[in-house]
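Both ligands and their constituent atoms are indexed starting at 1 by order of listing. Starting from 1, each residue takes its place in the sequence as its number. Because only heavy atoms are used, hydrogens play no part in the values below, and waters and symmetry mates are left out as well, while side chains stay in.
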Amino acid sequence: MYNTNQKRVAAIHDISCFGKCSLTVALPIISSVGIECSVIPTAILSTHTGGFSGYTFRDLTDDILPIANHWKKEGIEVDAVYTGYLGSKEQVSIVMEAANIIKKDGGMTVVDPVMADHGKLYGGFPEDFPKEMRKLCEVADIITPNITEAVLMLGMEFKQPPHSKEYVEKIIEELSKMTSAKIVLTGVCFDGENIGAATYENGKTEYVFEKKVDAAYHGTGDVFTSCLLSAVLNGKDLKEAAQIACEFTAACIKYTKENEPNMKYGVDFEGRTPLLLKKLGL
Ligand code: PXL
């Protein structure tokens, strides 16, 4: 029997071979805090889709359930399933089924509905993708949409930051009607100076903020949710976990801005993992 004291996550995202996002972010961050991070790749791309042209794309839909079923046969189960970028809308129901196969009793599903930012769907996703992604959020335990992803799933209007409190709280209210999951809404910005997340659980909305750094890098959502999950599995409550994820992500962006002006090369989180361990008390 394998060591049942070891916490285990299955990360179901694409592999963007270059570009610091999805599995090349989830794996090192989650592993660095002492949690095993197994993977089910949804697709393999030569780079992410935000800023590179001519990237390759290999769909791995047909591998997802056979991987999950093999794990089941081997008695392998995980404390948390963490889903991110999916290769197609057909993968939504397959990923739901895979999660049920590999999650232990009482385990959780964390869904980052990766598909859009700055008011726009990422290249390659059809217009009805948010409607499918919504189904995965409906059955999750924690969801971490950004504002764009939330309004696309809800059919609400996208508004540029800074946001009014009414707008953000309306989004939270509609999300809470859509799912019983705990909610972490990212990219919340009330004043143009601070940016952070709204958390919602047990009917209560709270906010965590950091000073806004005037730069945007690819993959910061993946850094954020990987940290959030790492913190939750290390016993932090939702708001504490969002605070840690927010501080760590902001520190990475600040450091990156001093060294790398091009957003497509992603955020330099690699040298900052000791900071994350410190914040988690590890
Ligand atoms: O970071 C999100 C992400 C993940 N995977 C791929 C992407 C993106 C965002 O554009 O293109 C392939």
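Donor-acceptor pairing under 3.5 Å is lacking for the side chains of T249 and T220. E138 and T179 share no side-chain donor-acceptor pair at under 3.5 Å. A side-chain donor-acceptor contact under 3.5 Å links D14 and S22. Checked by atom type, the side-chain pair K103/T109 shows a donor-acceptor distance below 3.5 Å.
Among all protein heavy atoms, the one lying closest to atom 1 (O) of ligand 1 is D222 OD2, 2.6 Å. Scanning the protein for heavy atoms near atom 10 (O) of ligand 1, the closest one is H218 NE2, 2.9 Å. Protein heavy atom nearest atom 5 (N) of ligand 1, with residue, atom name and distance: D14 OD1, 2.8 Å.
The local environment of NZ in K264 is crowded, with over 12 non-hydrogen atoms from other residues, nucleotides or ligands closer than 6.0 Å. Residue-environment remark: CD (Q6) exceeds the threshold of 12 foreign heavy atoms within 6.0 Å.
Short contacts between ligand 1 and Y122, defined as distances under 4.0 Å to a heavy atom of the residue, involve ligand atoms 9 (C), 10 (O). Against a heavy-atom cut-off of under 4.0 Å, T49 is close to the following atoms of ligand 1: 7 (C), 10 (O), 11 (O). The V114 neighbourhood of ligand 1 comprises atoms 2 (C), 3 (C), with distances under 4.0 Å to a heavy atom of that residue.
For ligand 1, the polar-atom distance check against Y85 finds no nitrogen or oxygen pair separated by under 3.5 Å.
At least one heavy atom of S22 lies less than 4.0 angstrom from ligand 1.
When the options C21, G124, S46, S16 are ranked by their closest heavy atom to atom 12 (C) of ligand 1, first place goes to S16.
The aromatic ring centres of H48 and Y85 sit 6.0 Å or more apart.
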